Amino acid sequence: MKPTYYVTTPIFYVNGAPHIGHAYTMIAADVLARFKRLDGFDVFFLTGTDEHGQKVEKAASDAGMQPQAFTDQISASFADIARRMNVSNDAFIRTTEARHKAASSALWERLKAAGHIYLGGYEGWYAVRDEAFYDESELSTNAAGQKLAPTGAPVEFVTEPSYFFRMSAFQEQLVAHIEAHPAFIGPQARRNEVLGFLKQPLRDLSISRTSFSWGIKVPGDEAHVMYVWLDALTNYLTAIGYPDETAALWKYWPADLHLVGKDILRFHAVIWPAMLMAAGLALPKRVFAHGWFTVEGEKMSKSIGNVIDPRDLADTFGVDALRFFLMREITFGSDGDYSRASLVRRLNVELANDLGNLAQRTLSFIGKNAGAAMPSRGPIGAPEDAVLAGFIADLPGLVRDAIDRQAFHEALEVIWVAIRGGNAYIDQQAPWALRKTDSVRMEAVLALLVDLLRVVATLLQPFMPESMAKMLDQLGVPEAVRSIADLATPVAVGTAFPPPAGVFPRFVEDAA
Ligand code: MSP
């Protein structure tokens, strides 16, 4: 039986149209899900939308719509983004679904029955934009006298009856868990941040609101709706059948990885594990926080008018070039920047030139001069052969190791070292000269290049599924044998190659 692998994206607030920041989280999770499938895992990959709470209620009323009609519309546009970005999610969850309301109520009852929920009153600060409570000591005041959260979101003072989750009771257990499981939170710097935060006493968490109604009703006390984060986090359980722990999909729990942005790490690395501990459920194996990126050096915002719809970029550059760029340009886990010029540069230099040319030079030469079929391999003679053979042998392990650490940029870097090595090899070995002097050696050189291209294209499938499918077609690799384990079986000598065609056209900006 294949080992299971459960990976999630955050569920997206439906208060506005999706943008490239949302696509970033989805694409990264998709690369992981696709890689794991290729590497023999039984994967469940979840994404979806977070539809309750004050922020969404307000966005709907600003749009002059009923919340449900509004969330139906925006949720559909997130599903559309996933499709257009070629994201291979196995399920798409919406928190307004009946099954999710049932799951959230069941979890609430379970926490309550275990004595971890009590009724009290909340008096303090709340930021609707962040859907988060803040302590007075965390706030600053702007020139207009408005109190602000550390994120810059305006806060309001709230006095309401509220149910509380006894989170304070789990502080020690949580710290012990994080310390005993070094891989539980990544990257390392973020893990230290969470441990730093946990040095302060953890307070009980207000988990219900009474001042608005767009949420899941608290079981047994319908004047309250659940705090949106409690409802939202539960989505990871709903999607695999909770509360039915005999459901077929339940085999995926605990999740292997919650991929999140740095802004929501604390919810996933403190509140969520505390809730699971209180409910007696297993904890996710890992939570990884990626950074945020700016657009041409500026924060994306509606007021600046620089919010990018990733569908426009995919239309212009191709979805694979966009996926590649986002995973290549920004060190995953750090902040970064999107700029059109660097996208075009990477597309032209790394895709069209480095990779596209290596494939094109090798395959069109074979088409013209080596019978348009897999050439005969030779002994690994020259030291240059050994370098290429080394790449072929080592790349799968190196890429796997980087991806398991969510170091996508590093996976691409090792692949590009091999691609550049391939281009240097073809220049040096000059098969066009060997054609006249030593056709056996010419074939051996070409065969090694094809073997390298096949490893490269196989490992790049998770990043650029469409273009790598085309490249593998051209390399004579049938669809059924494109997994990482299949790399152990070389393409048979004499396998016919279809006529090669460029996979990555260069992009030229309009002079106008
Ligand atoms: N609904 C919550 C998550 C609940 S998960 C149980 C939420 N939604 S969100 O729509 O605001 O954000 C979703 C994800 O998009 C977050 O991981 C966030 O970090 C990411 N990004 C939003 N803008 C981004 C950038 N500019 N750059 C990178 N990622 C960004 O939070």
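Whatever order the structure lists them in is the order used to number ligands and atoms, beginning at 1. The structure displayed is predicted, hence computed values, not measured ones. Side chains are part of it too, since the values below use all heavy atoms of this structure and drop only hydrogens, waters and symmetry mates.
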Asker: Are any of the N/O atoms on Phe12, whether in the backbone or the side chain, positioned under 3.5 angstrom from an N/O atom of ligand 1?
Answerer: no
Asker: Is the shortest side-chain N to carboxylate O distance from Lys262 to Glu193 below 4.0 Å?
Answerer: no
Asker: Judged on heavy-atom distance to atom 21 (N) of ligand 1, which of Gly53, Ala28, Gly21 sits nearest?
Answerer: Gly21
Asker: Decide whether a cation-pi geometry holds between Arg209 and Tyr126; the criteria are a distance under 6.0 Å from NZ or CZ to the six-membered ring centre and an angle within 45° of the ring axis.
Answerer: yes
Asker: Quick check: Trp229 and ligand 1, any N/O pair under 3.5 Å apart?
Answerer: no
Asker: Note the single closest protein heavy atom to atom 31 (O) of ligand 1, along with its residue, its atom name and the distance in Å.
Answerer: Ile264 CG2, 3.5 Å
Asker: Looking only at protein heavy atoms, identify the closest one to atom 22 (C) of ligand 1 and say how far it is in Å.
Answerer: Trp292 CZ2, 3.7 Å
Asker: Whether the side chain of Asp130 engages the backbone of Ala132 through a donor-acceptor N/O pair (distance < 3.5 Å, no angle test) should be reported.
Answerer: no
Asker: If you measure every N/O of Asp50 against every N/O of ligand 1, is any gap under 3.5 Å?
Answerer: yes
Asker: Using the ring of each side chain (for Trp, its six-membered ring), is Phe165 parallel, tilted or perpendicular to Phe170, with breaks at 30° and 60°?
Answerer: parallel
Asker: Does NZ or CZ of Arg266 lie under 6.0 Å from the centre of the six-membered ring of Phe197, at an angle within 45° of the ring axis?
Answerer: yes
Asker: Could you check atom 17 (O) of ligand 1 against the protein and tell me its nearest heavy-atom contact, residue, atom and distance included?
Answerer: Gly261 N, 2.9 Å
Asker: Just jot down the ligand 1 atoms closer than 4.0 angstrom to any heavy atom of Ala232, in number order.
Answerer: 6 (C)
Asker: Should Pro10 be counted as touching ligand 1, given the test is an N or O pair under 3.5 Å?
Answerer: no
Asker: Nearest heavy atom to atom 5 (S) of ligand 1: which of Thr9, Leu326, Asp335, Ile11 does it belong to?
Answerer: Ile11
Asker: Within ligand 1, which atoms have a heavy atom of Gly291 less than 4.0 Å away?
Answerer: 28 (C)
Asker: Could you pull out, from Thr25, Val14, Thr234, Leu230, the option with a heavy atom nearest to atom 20 (C) of ligand 1?
Answerer: Thr25
Asker: Of all the atoms in ligand 1, which lie at a distance below 4.0 Å from a heavy atom belonging to Met300?
Answerer: 26 (N)
Asker: Would you mind running through ligand 1 and noting each atom that sits below 4.0 Å from a heavy atom of Tyr236?
Answerer: 5 (S), 6 (C)
Asker: Can you pull out the closest protein heavy atom to atom 10 (O) of ligand 1? Residue, atom name and distance to 0.1 Å, please.
Answerer: Tyr13 N, 3.1 Å
Asker: Do Phe332 and Phe288 have ring centres separated by under 6.0 Å?
Answerer: yes
Asker: Under 4.0 Å between a side-chain nitrogen and a carboxylate oxygen: does that hold for Asp42 and Lys36?
Answerer: no
Asker: Which ligand 1 atoms, with their elements, are less than 4.0 angstrom from a heavy-atom of His268?
Answerer: 5 (S), 6 (C)
Asker: Using a 3.5 Å cut-off on N or O atoms only, is Phe293 in polar contact with ligand 1?
Answerer: yes
Asker: Considering the heavy atoms of Asp263, write down every atom of ligand 1 situated less than 4.0 Å from one of them.
Answerer: 18 (C), 19 (O)
Asker: Could you check whether the rings of Tyr13 and Trp229 sit parallel, tilted or perpendicular, using 30° and 60° as the cut-offs?
Answerer: perpendicular
Asker: Fit a plane to each ring of Tyr24 and Phe293, take the angle between them on a 0 to 90° scale, and name the class: parallel (under 30°), tilted (30 to 60°) or perpendicular (over 60°).
Answerer: perpendicular
Asker: Could you tell me which atoms of ligand 1, counted from 1 in the order shown, lie closer than 4.0 angstrom to a heavy atom of His22?
Answerer: 10 (O), 15 (O)
Asker: Closer than 4.0 angstrom: is that true for some heavy atom of His290 and an atom of ligand 1?
Answerer: yes
Asker: Any idea which heavy atoms bring Phe70 and Asn15 closest together, and the distance?
Answerer: CZ-O, 4.1 Å
Asker: Between Glu329 and Arg346, does a salt bridge (Lys or Arg N to Asp or Glu O under 4.0 Å) hold up when you go through it step by step?
Answerer: CA-CA 8 Å; Glu329 177 81 3; Arg346 289 211 186 260; 2.6 Å; yes
Asker: If you measure only the distance, is there a donor-acceptor pair under 3.5 Å linking the side chains of Tyr236 and His268?
Answerer: yes
